[in-house]
Student: 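Before I ask anything, here is the structure I am working with.
Computed from heavy atoms alone, side chains included, the values below leave out hydrogens, waters and symmetry copies. All chains are named by letter (A, B, ...) in the order of the sequence lines, taking the proteins before the strands, and each is independently numbered beginning at 1. Everything numeric here is computed off the predicted structure, so don't read it as measured data.
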Amino acid sequence: MVRQPGGTSPDRPVRVRYAPSPTGYPHVGNIRTAMFNWLFARHHRGTFIVRIEDTDVERKVEGAVEDVLESLRWLGLEWDEGPEVGGRYGPYFQSQRLHYYRPVVEQLTSDGYAYPCYCSHERLEAMKAEQVRRGQPPGYDRRCRNLSQEERSRFEAEGIRPVIRFKTPLTGRTEFRDLIRGKVVFDNSTLDDFVLLKSDGYPTYHLANVVDDHLMEVSHVLRADEWLASTPRHILLYQAVGYESPQFAHLPMILGPDRSKLSKRHGATSLLEFRDEGYLPEAMLNFLALLGWSLDDRTEVLSREELVEHFSLERISKTAAIFNIDKLRWMNGLYLRKLDIDDLTERALPFFERDLPSSVRRPIDRSYVRAVVALEQERAKTLAELPQLGEFFFMEELDYPVDLLLQKLNREKASQALTTVSQKLGALGPFDHGSLEATLRPLASDLSLTTKELFSLLRVAVTGRTAAPPLFQTMEVLGKEACLRRIEAAIRLLRG
RNA sequence: GCCCUCAUCGUCUAGAGGCCUAGGACAUCGGCCUUUCAAGCCGAAGAUCAGGGGUUCGAAUCCCCUUGAGGGCACCA
């Protein structure tokens, strides 16, 4: 294979990675990055790797890795190498790869590209405070950059465990061609001597990601825009170690409604919360793809397969996007309506089990849910709305203010109408929506009421609500007995 | 403060010099349909393409400046 200097060879197999750090639950921004990597890999028939960057022992959050993996699984972003599945380039946890980083650091140090730094946290903090106070750019002042061997020995003798810093070139510029941004140039003088190896022996992100991307033969680094500014450090590192650098593409960020970076403090929703709120993974996938990528000037609804087929870096925008929940809801409704009833029932069942009042007997009857869900399908935007919308189907007794029955008629007329309806229905044989309509529609004029008046009244009596699925279908699902019982209850309410 | 990036309707976006009197979608507002609510269909409103200079016969599209926004400047990733 031909190796080209200054970037990945075009014919190199595509290998991309999603490299989350287990310091919290992944939000839509994190997962969108994972998704673009996945789409890119699948489109090019390449490899999608998941690598856990757990080099910060202190910030590590219990359960975060499982959350990351669960998020990926939920969206169907299966990974070819990584946790659980392994791979030829493992292990895929950086905490288990420490032995790879040390030799690199030693090599760098002996080659004069890195040096031990013995400065204390206190000194560093004081230095930074002073720099900020004087309006200077914060950054390590390189005090330990040119320590003599004697000085180093003395610090070592004091038992100080140094960090290893990269000896950033003082002059010159570092440039690279970002696949999305184009040419980006940094003056080396604006870069400080960043830490490669922490005093606890763990590598920093900069070191670990460069070493691992090389070892794992990553061809393209697709990561969020927030990394753009540290890319020159990585390029410099690649050069110092003598690795071929992968190609970079910095994805536009997803911003919160307040236009700032998504973070836990801003209440950035974990992706799994969307699952729990009843969003469909296929809708989520479609929606997220459109945040920063587009196919053309009109296509918005794309299946997973279409996304894979059409995805390309060229069509990723440069602008940060704000997460628009309203559009997600619309799209989710779209996908929800496309589901066939059995599929919808299976997906909805857990939400009914979870959200229906505890007074409702468990387990919830599947075929009943199927009938209910069929009526609610085009009225719900999320799965979680299904039990809310259909709660009245399951309640033993309805609880609503009598006023709802009196919106169009007075007490007398209302109770008279309901009494007549009750009699008619009691005598009715087949209780399907066809016969219900055939019976009730003529009844309106018999009672000298408009259909609107009669049906509105009946709707409230039977559902306890003014807005519900079509009346006759609703009654059919409810069944004769329940309908009669509710109508009687309404009559009592009117008289009481 | 310094560095980097970005800049089209409220939001997501199309637009890679003439096809743009700027297109689509969500949301909004009307109308139709209708037993309610939805869904669906039709329509409206909504962007002097951040502002200012250039370049060009011609600029949302190229260049410069300004402004604004975002990101970065940790022994965090």
Student: Roughly how many Å apart are B:G18 and B:C26, using the C1' atom of each and rounding to a whole number?
Tutor: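 Here B:C26 and B:G18 have their C1' atoms 32 Å from each other.
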
Student: Would you classify A:G333 as touching base, sugar-phosphate or nothing, given that sugar-phosphate means primed atoms plus P, OP1 and OP2, and contacts are heavy atoms under 4.0 Å?
Tutor: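 Nothing: the residue A:G333, judged by heavy atoms under 4.0 Å, touches no strand.
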
Student: Among residues two or more places apart or on two chains, list those pairs meeting side chain to side chain donor-acceptor pair (under 3.5 Å) that have a residue in residues 329-338 of chain A.
Tutor: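 Of all non-adjacent pairs touching residues 329-338 of chain A, those that pass side chain to side chain donor-acceptor pair (under 3.5 Å) are A:N286-A:Y335, A:R329-A:E385.
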
Student: Determine, for nucleotides 16-25 of chain B in 5'-to-3' order, which nucleotides have protein heavy atoms under 4.0 Å from the base (write B), from only the sugar-phosphate (write S), or from neither (write -).
Tutor: -------BBB

Student: Residues of residues 374-390 of chain A with any non-hydrogen atom less than 4.0 angstrom from an atom of RNA chain B: list those, numerically ordered, please.
Tutor: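 Within this stretch, A:E378, A:R379, A:K381 sit under 4.0 Å of the strand.
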
Student: Which donor-acceptor pairs under 3.5 Å do the side chains of residues 444-451 of chain A make with protein atoms, sequence neighbours left out?
Tutor:
from   : atom 1 : to     : atom 2 : distance (Å)
A:S445 : OG     : A:P442 : O      : 3.0
A:T450 : OG1    : A:E453 : N      : 3.0
A:T450 : OG1    : A:E453 : OE1    : 3.3

Student: Touch check for A:P470, heavy atoms < 4.0 angstrom, all strands: base, sugar-phosphate only, or nothing?
Tutor: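 Base, at least one base atom sits under 4.0 Å.
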
Student: Pull out every protein N or O sitting under 3.5 Å from an N or O of nucleotides 28-34 of chain B, one pair per line with the distance.
Tutor:
none

Student: Please enumerate all residues that pass side-chain contact (heavy atoms from CB on, under 4.5 Å) together with A:S422, with sequence neighbours excluded.
Tutor: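 With sequence neighbours excluded, A:S422 shows a side-chain contact (heavy atoms from CB on, under 4.5 Å) to A:L484, A:I487, A:E488, given in chain and number order.
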
Student: Paired with B:C20 by Watson-Crick or G-U wobble geometry, both distances under 3.5 Å: which nucleotide is it?
Tutor: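 Pairing partner: none.
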
Student: With sequence neighbours excluded, what pairs up with A:E309 under the side-chain contact (heavy atoms from CB on, under 4.5 Å) test?
Tutor: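 Listed in chain order: nothing, the list is empty.
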
Student: Identify, with sequence neighbours excluded, every residue that meets ring pair (Phe, Tyr, Trp, His ring centres under 6.0 Å) alongside A:F394.
Tutor: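 Ring pair (Phe, Tyr, Trp, His ring centres under 6.0 Å) list for A:F394, sorted by chain: A:F352, A:Y368.
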
Student: Are A:H234 and A:F166 near enough that their ring centres are under 6.0 Å apart?
Tutor: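 For A:H234 and A:F166, the ring centres are not under 6.0 Å apart.
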
Student: Test of understanding: with side-chain contact (heavy atoms from CB on, under 4.5 Å), list the residues that count as partners of A:D192, not counting sequence neighbours.
Tutor: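 side-chain contact (heavy atoms from CB on, under 4.5 Å) check on A:D192 returns A:Y140, A:F194, A:R233.
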
Student: Partners of A:F155 by ring pair (Phe, Tyr, Trp, His ring centres under 6.0 Å), sequence neighbours excluded?
Tutor: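 Checked A:F155 against ring pair (Phe, Tyr, Trp, His ring centres under 6.0 Å); matches are A:Y118.
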
Student: Applying side-chain contact (heavy atoms from CB on, under 4.5 Å), can you list everything that pairs with A:S120, at least two apart in sequence or on another chain?
Tutor: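 In terms of side-chain contact (heavy atoms from CB on, under 4.5 Å), with neighbours along the sequence ignored, A:S120 is linked to A:E122, A:R123.
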
Student: Base, backbone or nothing for each nucleotide of nucleotides 67-73 of chain B, written B, S, -, heavy atoms under 4.0 angstrom, 5' to 3'?
Tutor: --SSSSB

Student: Assess A:R315 against A:F311: is NZ or CZ under 6.0 Å from the centre of the six-membered ring, and within 45 degrees of the ring's axis?
Tutor: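 No, A:R315 does not lie over the aromatic ring of A:F311.
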
Student: Which whole-number value in Å describes the distance from A:E175 CD to B:C3 C1'?
Tutor: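 Interatomic distance, CD of A:E175 to C1' of B:C3: 16 Å.
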
Student: Could you tell me whether A:R133 and A:E130 have a side-chain N and a carboxylate O separated by less than 4.0 Å?
Tutor: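 Yes, A:R133 and A:E130 are salt-bridged.
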
Student: Identify the nucleotide, in any strand shown, that forms a Watson-Crick or G-U wobble pair with B:G40, with both distances under 3.5 Å; if there is none, say none.
Tutor: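 WC or wobble partner is B:C32.
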
Student: Which whole number of Å gives the distance between the P atom of B:C63 and that of B:A7?
Tutor: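 It comes out at 11 Å once rounded to the nearest Å.
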
Student: Okay, side chain of A:D54, backbone of A:F93: is any donor-acceptor separation there less than 3.5 Å?
Tutor: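 Checked: no pair found.
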
Student: Below the 4.0 Å mark, does B:A77 have OP1 or OP2 next to a side-chain nitrogen or oxygen of A:R51?
Tutor: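 No, outside the criterion.
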
